[in-house]
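Everything on this sheet refers to the single structure shown next.
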Amino acid sequence: MKQLTDEIKELRRVLHGCPELALKEYKTKEILINYLRSNTALRVEDRGAWFYAVWGADGSRYGADSGRHEVEAVPIAFRADFDAVAGKDGKPGHYCGHDGHAAVLAGFGRLLSEEKPEKEVYLIFQPAEKIGRGAVLCSPLLKEKRITEIYGFHNIPGYRRGAVLLRRGTFACASTGLEIRICGTPSHAAYPEAGKNPAFALSRLVTELPELLAQPHRGVRLATVIGMEAGSDSYGVSASEGTLRLTVRGEYENEFEELVDCISERARAYAKEEGMQCRIREIERFPATENDTGCAARVEQAAERAGLSVLYPEEPLRWSEDFGYYLRETKGTFFGVGDGETHPQLHTEQFEFPDEIIGDVLRLYRELCRC
């Protein structure tokens, strides 16, 4: 395992050196495909923006003298994302660990080739997780190949290195950006009553957010003001256009939907009261990542056999993951692996995926294949 781990560390460093933004991961994809075709017996299928590798899909990968029987009829899948994050200057960087996710999954492909499990295993290499579009592209594969279970992980700072973070139910919250734009009519600043100024409707909506969030609910709900603007720097003109930008999050899909609808309805109502137009746009919507209880139990068992401790966060992670789109199609579980209590936070320029957890994840994936 050490030799494989060292090999995957080097692969991750190569990926780290060529970060690419969502749906522009051309070099990243090429590196991963070349590694799998050169170092594994898996069949690699290029689907354009994404690709997958499969072990045992036709029962022929074991060799005539391997002594193995036909693969199990029920296939499972593992997924890794490989897009980078835009830094402060707009340049891409692997500040979230997707280079590590992809390198580990490629290494798992090599492990499958060496250990030849009697199971059909799909490895999905996904782009564009950061904008919530990658899983939408890849998830039809689950129905196409009749995949009954899917697993994935994310490295998470602030927790003991190598510890598995597991939740039954929601692991990561649903979220969406909301851009609320209200348009009135301009007027001379000396005669504001002659125009329609959207600043008051937008301010009213912002001040009522705490009230909306305090309404009875079961799980985590958030509405965070990302930005607000109205008018211009022309001091002789009353504002006639304004925009409020929010990020809305929720632990439970139904409560999340209710909150988004409530905010949108109030915005339209306040604009209508003042005779103004309201346009609302959703940006980068993510579903809740809701783990299957049975699959979570298998992760728990696999972690124990791999010698890894398991932690159970009381609340879901507040950030979002497009893995939830897979879980709408089939059963599965998404889990975390601790980077270390003092490891730099995700999405900061100080962050880099910790190579020390590569072996932990490989062992856990191997045990999941044996469940």
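Along the sequence shown, the residues carry numbers beginning at 1. Computation of the quantities below employed the complete heavy-atom set of this structure, encompassing side-chain atoms and omitting hydrogens, waters and symmetry-equivalent molecules.
No continuous path of ILVMFWY side-chain contacts below 4.5 Å connects L222 to L212, so the two sit in separate hydrophobic clusters. Hydrophobic clustering keeps F200 apart from V225 (ILVMFWY residues linked when any side-chain heavy atoms are closer than 4.5 Å, directly or through intermediates). By the criterion of side-chain heavy atoms lying less than 4.5 angstrom apart, applied directly or through intervening Ile, Leu, Val, Met, Phe, Trp or Tyr residues, V206 is grouped together with L213 in one hydrophobic cluster. Under the 4.5 Å side-chain heavy-atom criterion for grouping Ile, Leu, Val, Met, Phe, Trp and Tyr, I283 is not connected to V248 through any hydrophobic cluster. L11 and L111 end up in the same hydrophobic cluster when Ile, Leu, Val, Met, Phe, Trp and Tyr side chains are linked at under 4.5 Å.
For E304, the CD atom is loosely surrounded, since the number of other residues' heavy atoms within 6.0 Å does not exceed 12. For R370, the CZ atom sits in a packed shell: over 12 heavy atoms of surrounding residues, nucleotides or ligands are nearer than 6.0 Å. Counted within 6.0 Å of CD on E274, heavy atoms from surrounding residues, nucleotides or ligands total 12 or fewer; the atom is thus considered open. Atom CD of Q277 sits in a sparse spot, with 12 or fewer heavy atoms from other residues, nucleotides or ligands closer than 6.0 Å. Q3 CD: 12 or fewer foreign heavy atoms inside a 6.0 Å radius. Under a cut-off of 6.0 angstrom, the local environment of CZ in R298 is crowded, with over 12 non-hydrogen atoms contributed by other residues, nucleotides or ligands.
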Chi angles and distances behind the salt bridge (charged side-chain N to carboxylate O under 4.0 Å, His left out) call for R13, D355: CA-CA 9 Å; R13 293 187 187 105; D355 287 336; 3.4 Å; yes
R110/E115 under salt bridge (charged side-chain N to carboxylate O under 4.0 Å, His left out): CA gap, chis, key distance, verdict: CA-CA 9 Å; R110 176 138 190 177; E115 300 194 347; over 6 Å; no
Audit row: I280, L178, side chain to side chain contact (heavy atoms under 4.5 Å, CB included) steps and yes/no: CA-CA 7 Å; I280 300 175; L178 277 185; 3.9 Å; yes
Worked check of side chain to side chain contact (heavy atoms under 4.5 Å, CB included) between L362 and L4: CA-CA 10 Å; L362 286 174; L4 175 58; 4.2 Å; yes
Intermediate values then yes/no, side chain to side chain contact (heavy atoms under 4.5 Å, CB included), S232 and V237: CA-CA 8 Å; S232 67; V237 181; 5.6 Å; no
Chi angles and distances behind the ring-ring contact (aromatic ring centres under 6.0 Å, His included) call for H347, W319: CA-CA 12 Å; H347 291 201; W319 44 254; 8.9 Å; no
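Contact of the P287 side chain with the E253 side chain is registered, since non-hydrogen atoms from C-beta on lie closer than 4.5 Å. C371 places a side-chain heavy atom less than 4.5 Å from the side chain of R305. You'll find the side chain of T243 stays beyond 4.5 Å of the side chain of L202, heavy atoms only. Looking at heavy atoms from C-beta onward, I76 lies in side-chain contact with C369 at the 4.5 angstrom threshold. In this structure, the side chains of Q126 and L137 stay at 4.5 Å or more apart for every pair of heavy atoms. Residues H98 and E129 meet the side-chain proximity criterion, which asks for heavy atoms closer than 4.5 Å. The side-chain heavy atoms of I182 and E241, taken from C-beta on, include no pair separated by under 4.5 Å. Contact annotation: the side chain of Y159 never approaches that of V164 to less than 4.5 Å [non-hydrogen atoms, C-beta and beyond].
Test L36, V44, I33 against F125 for side-chain contact (heavy atoms from CB on, under 4.5 Å) and you get one pass: L36. In summary, of the residues considered (N291, T333, L142), a side-chain contact (heavy atoms from CB on, under 4.5 Å) with L327 occurs for N291 alone. Checking each of R328, K130, R79 against D322 for a salt bridge (Lys or Arg N to Asp or Glu O under 4.0 Å) leaves exactly one that passes, namely R79. The side-chain contact (heavy atoms from CB on, under 4.5 Å) with E284 is formed by just one residue from the set T176, T247, I131; it is I131.
Look at E45 and R43 and you find a salt bridge, because one of the NZ, NE, NH1 or NH2 atoms lies within 4.0 Å of a carboxylate O, short of that distance. Ionic pairing of R181 and E229 is not present here: no N-O contact between side-chain nitrogen and carboxylate oxygen is shorter than 4.0 angstrom. Ion pairing between R167 and E290 fails under the 4.0 Å rule for side-chain N and carboxylate O. Salt bridge annotation for R204-E273: present, with a cationic side-chain nitrogen under 4.0 angstrom from a carboxylate oxygen. Under the 4.0 Å criterion applied to side-chain N and carboxylate O atoms, D46 and K29 are assigned as salt-bridge partners. Look at R161 and D339 and you find no salt bridge, because none of the NZ, NE, NH1 or NH2 atoms lies under 4.0 Å from a carboxylate O. Looking at E255 and R221, no side-chain N of the basic residue comes within less than 4.0 Å of a carboxylate O on the acidic one, giving no salt bridge.
If you take CZ on F82 and CG on L15, they are separated by 10.0 Å, rounding to the nearest 0.5 Å. Expressed to the nearest 0.5 Å, how far CG of L32 lies from CG of D99 amounts to 10.0 Å. Taking CD of E144 as the start and OH of Y122 as the end, the distance is 8.0 Å to the nearest 0.5 Å.
Relative orientation of the F353 and F153 rings is perpendicular, given thresholds of 30° and 60° on the angle between their planes. Below 30°, between 30° and 60°, or above 60°: for F334 and F323 the angle between ring planes is between 30° and 60°, a tilted geometry. Using bins of under 30°, 30° to 60° and over 60° for the plane-to-plane angle, the ring pair Y365/F78 lands in the tilted bin.
In plain terms, the two heavy atoms of A288 and A174 that are nearest each other are N-CB, 3.4 Å.
Listed for the W55 side chain is no donor-acceptor partner under 3.5 Å among the backbone atoms of L123. T40 places a side-chain N or O within donor-acceptor distance of the main-chain N or O of L42, the cut-off being under 3.5 Å. Panel note: side chain T185, backbone K196; a donor-acceptor pair is recorded below 3.5 Å. When atom types are taken as modelled, the side chain of S320 and the backbone of C173 share a donor-acceptor pair closer than 3.5 angstrom. Side-chain N or O atoms of K116 include one that pairs as donor or acceptor with a backbone N or O of S113 at under 3.5 Å. For the pair T330 (side chain) and I147 (backbone), a donor-acceptor distance under 3.5 Å is present. For E300 (side chain) and L166 (main-chain N/O), no donor-acceptor pair under 3.5 Å exists by modelled atom type.
Checked by atom type, the side-chain pair E20/T28 shows a donor-acceptor distance below 3.5 Å. Residues N155 and H343 bring no donor and acceptor atom of their side chains to less than 3.5 Å of each other. Looking only at atom types and distance, the side chain of Y326 has no donor-acceptor partner in the side chain of E321 under 3.5 Å away. For T293 and R168, the side-chain atoms include no donor-acceptor pair closer than 3.5 Å. A donor atom on one side chain and an acceptor atom on the other are not found under 3.5 Å apart for E193 and Y191.
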Going by atom type alone, with no hydrogens or angles, which donor-acceptor pairs under 3.5 Å involve a side-chain atom of residues 256-267 and a protein atom two or more places apart or on another chain?
residue	atom	partner	partner atom	Å
E257	OE1	R285	NH2	2.8
E257	OE2	R285	NH2	2.5
S264	OG	V260	O	2.9
R266	NH1	E208	OE1	2.7
R266	NH2	E211	OE2	3.3

